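Written out below as structure tokens is the structure these notes cover.
Computed from a prediction, not measured in an experiment: that's the story for all the values here. Numbers here simply count residues along the sequence, with the first being 1.
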Amino acid sequence: SDNSYIPITQNLIRYYVELITREMQRALTSVLPTSAHFYEPESPEIIDAGEYDFIIVGAGSAGAVIANRLTEVEEWSVLLIEAGDLETDFSDIPFMHIYLQGLEMNWGFNTTPQTTACLGMWNRSCHYPRGRVLGGTSSINGLAYVRGNPLDYDKWAALGNTGWSYEEVLPYFKKSENARIQDADEEYHGYGGYWFVENHRPNNAHTAAYIQANIERGRRVVDYNGREQLGVAEAQINNQYGRRCSTAKAFLRPIQHRENLEIWINSYVTQILIDRNKKAYGVRLANRGQYFEARARREVIVSAGSIQSPQLLMLSGVGPADHLKSVQIPVVKDLPVGQNLKDHATYFGLYFTSNYTEPVDTIENYLRQYFNEYGPYTIALNSQALGFYQSHLESTPGYPDIEFLVIPANSSTPMIQRALHVTDEVYDAVWGRVDPTTMMCIYIIVLHPKSVGTITLKSNDPYEYPDIDPRYLSDPYDHDIETMYQGILLALDLIDTNAYRARNMSLLYAAPPDCRGFPFSSRAFWYCAMRQLTSNLYHPISTCRMSPDPEEGVVDPRLRVHGIKNLRVADCSIIPHPVSGHTNAPAVMIGEKASDLIKEDNLPNYKSLINEKLYKRHFYDI
Ligand SMILES: Cc1cc2nc3c(=O)[nH]c(=O)nc-3n(C[C@H](O)[C@H](O)[C@H](O)COP(=O)(O)OP(=O)(O)OC[C@H]3O[C@@H](n4cnc5c(N)ncnc54)[C@H](O)[C@@H]3O)c2cc1C
């Protein structure tokens, strides 16, 4: 909704102040579940939930889009099943995104203990947040709208995935988008879609300095979703009038009246039902202490995300035969499910001090700004700028291998320790030295990691969380850690500019205890620090990888599971090669494209319904 229609009364402010105080406190203290057993019904009795044309598992970034597009066909009935509950007024506030990681909207996964990264985290294990709520991870994420580089999608196509080149996917990015951004390369954006993209206002002084420092170094200010990506930019974010625009808000709310759509929330799917002819015909799910089975006349579409789509396939007998046998699951189809896990390894420990102090205001005033669509509450972690860089390790023209996410003053909160699971010792040694009002932090992101991890089952119990073993920074030739190190050098070089010198920006002495034996800021020191404080940017992909070859992948380029009829996977798990960006925009694009593939395969004479009119700017009111 447009905030400007809401009268900003004292009662409204009081309601929000109480909400924020309560939810922040809960996030800092609540204990997240370690399994999904709370869904488990006591009785094994199964209730018939009827028949639908399509069943979609997971109302996340991709699933919500698919539910919308399939119910455009009036004669089709669609059941959308989501394990989580509804979004809240609290989750709508972009600034609160980090606190959502401490609440029940987060599944609360953790990696297995690691040996090459996450060493400064509790039990050497990184936290692995994922959305358990309508809108999925788009309802708890950091809101950055970053599609990646055209060459990423051309690589997908070059791997044999016909139909996924940049030229072929760009129309789907534009189809979903409703851009309200400045200085955009307009032909690359959509202006009539469901999903809002905005800039944040006003900018923090550190953001301006960052842009200026890069200009001094000869870099350009770009629309990173447009003509060229190398360079720096103000963030484009999925806000709608300053509020979080999750895919639930964008794609489900406007169509909730459609009679051919049923949405079941708080419903946990435990199995995809596959018959003897290897045809998927429905799902079993647990809802409010009861088992149900729903049948699909046409297809089951799994959009449960990169962790739980592979989990669900494996629980249903689709996965690596040896692994399934080891957990006593009868093998329906031997496929490399859960293999090839990749993620954007990110260094979280690079802090700088400055002579600039960002003023701190009251919650009430921040809220007044929020209701008027501006100010710190309208952005996650106050993170207003990003940069895309190419180190000497990447030679393809125009193709970045490093991203910076600039986190300026007033974004460090005690929640960071809980969100990253940093040990007390490391937290005190690093964040204990950070003055939130003056600091700047740069997250260093490896865009094309070579390290490969896995998702496996711990047992055949559908309620047990899977094993997530990402193995960050583990590739045999140290490509990932060296790329990250090059990113740190780039950041240190940037500080040595007039723009930053004017702010007296300098590297914070912050050494994790295990790295104190190395000279501060030496190469050996950074290598040590990176292994301590590298976690993920929460962008897991490739666990149900798309490939025409069933030896290499799980779904074909039409997203059909190899060897199983009437079953598709459509979410980030199908991404065959990491994008030079973030994963929410690609997930939505995948949802759009999957919907068209499904329509093509199920409607006679269907031609892609992409309507050029949708891309044209129809208003511009910022
Ligand atoms: C903290 C955080 C910050 C991030 N920041 C950004 C960002 O700034 N920009 C960006 O582009 N990306 C960001 N991402 C990543 C991005 O949001 C995700 O990659 C994307 O949302 C994934 O979409 P998806 O459709 O693959 O899965 P999801 O959106 O995770 O959807 C999966 C859905 O399936 C449901 N589900 C799972 N299992 C079952 C089951 N058995 N039964 C029923 N339902 C089930 C889940 O509850 C969930 O709703 C961030 C992620 C996190 C965690």
Side-chain angles (χ1 to χ4, degrees), residues 61 142 144-177 179 181 183-190 197 214 219-238 342-346 385-406 443-451 479-480 483-484 486-487 490 536-542 545-546 572 574-590 592-593:
S61 299
Y145 180 74
V146 196
R147 299 172 182 171
N149 192 281
L151 292 174
D152 300 328
Y153 301 97
D154 290 345
K155 281 195 186 191
W156 295 16
L159 291 166
N161 297 305
T162 311
W164 293 87
S165 69
Y166 182 65
E167 201 191 351
E168 290 161 301
V169 300
L170 180 60
Y172 291 105
F173 280 115
K174 291 163 70 173
K175 181 177 186 179
S176 54
E177 185 183 12
I181 47 179
D183 303 325
D185 295 336
E186 289 192 13
E187 67 275 27
Y188 291 82
H189 290 274
V197 181
N214 278 282
R219 301 189 185 105
R220 295 154 64 99
V221 178
V222 293
D223 169 0
Y224 57 78
N225 288 317
R227 207 168 290 115
E228 65 178 315
Q229 196 192 7
L230 278 183
V232 296
E234 290 179 19
Q236 298 175 17
I237 48 180
N238 287 116
K342 288 206 168 175
D343 203 333
H344 286 137
T346 302
L386 337 91
F388 295 90
Y389 301 88
Q390 190 177 58
S391 76
H392 70 272
L393 299 169
E394 174 60 66
S395 55
T396 314
Y399 201 43
D401 59 344
I402 296 166
E403 179 187 335
F404 286 4
L405 204 53
V406 184
Y443 291 174
I444 310 281
I445 302 158
V446 178
L447 288 174
H448 304 126
K450 302 236 182 291
S451 306
H479 163 273
D480 295 356
T483 306
M484 196 176 261
Q486 293 301 321
L490 274 168
N536 63 102
L537 204 67
Y538 322 114
H539 296 168
I541 58 161
S542 255
R545 182 160 69 171
M546 170 169 67
C572 283
I574 66 104
I575 295 178
H577 173 83
V579 292
S580 318
H582 298 212
T583 41
N584 203 24
V588 169
M589 177 278 285
I590 290 165
E592 290 283 14
K593 184 160 169 78

Using 0.5 Å steps for rounding, measure from the [atom1] atom of [X] to the [atom2] atom of [Y].
X: N225; Y: K174; atom1: CG; atom2: NZ; result: 12.5 Å
X: T483; Y: K450; atom1: OG1; atom2: NZ; result: 8.0 Å
X: L537; Y: T583; atom1: CG; atom2: OG1; result: 8.0 Å
X: Y389; Y: L230; atom1: OH; atom2: CG; result: 10.5 Å
X: I575; Y: I541; atom1: CD1; atom2: CD1; result: 5.5 Å
X: H189; Y: L170; atom1: NE2; atom2: CG; result: 9.5 Å

Checking [X] side chain against [Y] main chain: does a donor-acceptor pair fall under 3.5 Å?
X: E592; Y: V169; answer: no
X: K593; Y: Y172; answer: no
X: N149; Y: G398; answer: yes

**Request:** Tell me whether the centres of the aromatic rings in Y153 and F173 are closer together than 6.0 Å.
**Result:**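 Ring centroids of Y153 and F173 are less than 6.0 Å from each other.
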**Asked** What is the ring orientation for H577 with H448, classed by angle as parallel under 30°, tilted 30 to 60°, or perpendicular over 60°?
**Response**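 Correct class here is parallel.
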How far apart are the closest heavy atoms of [X] and [Y], and which atoms are they?
X: S451; Y: D480; answer: OG-OD2, 2.6 Å
X: E168; Y: P171; answer: O-CD, 3.5 Å
X: M546; Y: P576; answer: O-CB, 3.6 Å
X: P540; Y: C572; answer: O-CB, 3.8 Å
X: Q390; Y: S395; answer: NE2-C, 4.0 Å
X: Q229; Y: P400; answer: OE1-CG, 3.3 Å

**Prompt:** Thinking salt bridges, do E187 and R227 make one under a 4.0 Å N-O criterion?
**Reply:**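 Yes, charged N to carboxylate O under 4.0 Å.
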**Item:** No-hydrogen, no-angle side-chain donor-acceptor test under 3.5 Å, D152 and Y399
**Value:**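 Yes - a donor-acceptor pair under 3.5 Å links their side chains.
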Taking the side chain as everything from C-beta on, heavy atoms only, tell me whether [X] gets closer than 4.5 Å to [Y].
X: D223; Y: Q236; answer: yes
X: H344; Y: L447; answer: yes
X: N536; Y: T346; answer: no

**Message:** Would V232 and L386 count as a side-chain contact (heavy atoms from CB on, under 4.5 Å) here? Give the steps.
**Reply:** CA-CA 6 Å; V232 296; L386 337 91; over 6 Å; no
**Message:** I need the single residue from F404, F388, Y188 that forms a ring-ring contact (aromatic ring centres under 6.0 Å, His included) with Y224. Which is it?
**Reply:**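 Going through F404, F388, Y188 one by one, the ring-ring contact (aromatic ring centres under 6.0 Å, His included) with Y224 is satisfied by F388 alone.
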**Request:** Please report the C-alpha distance between W164 and I590 in whole Å, then the side-chain angles of each, then the deciding distance to 0.1 Å, and finally whether the side-chain contact (heavy atoms from CB on, under 4.5 Å) criterion is met.
**Result:** CA-CA 10 Å; W164 293 87; I590 290 165; 4.1 Å; yes
**Message:** Pair I402, I444 - check side-chain contact (heavy atoms from CB on, under 4.5 Å), show working.
**Reply:** CA-CA 7 Å; I402 296 166; I444 310 281; 4.3 Å; yes
**Request:** Take Y538 and N584, measure what side-chain contact (heavy atoms from CB on, under 4.5 Å) needs, and give me the verdict at the end.
**Result:** CA-CA 10 Å; Y538 322 114; N584 203 24; over 6 Å; no
**Prompt:** Under the side chain to side chain donor-acceptor pair (under 3.5 Å) test, which residues partner Y145, sequence neighbours left out?
**Reply:**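 Y145 satisfies side chain to side chain donor-acceptor pair (under 3.5 Å) with R147 once adjacent residues are dropped.
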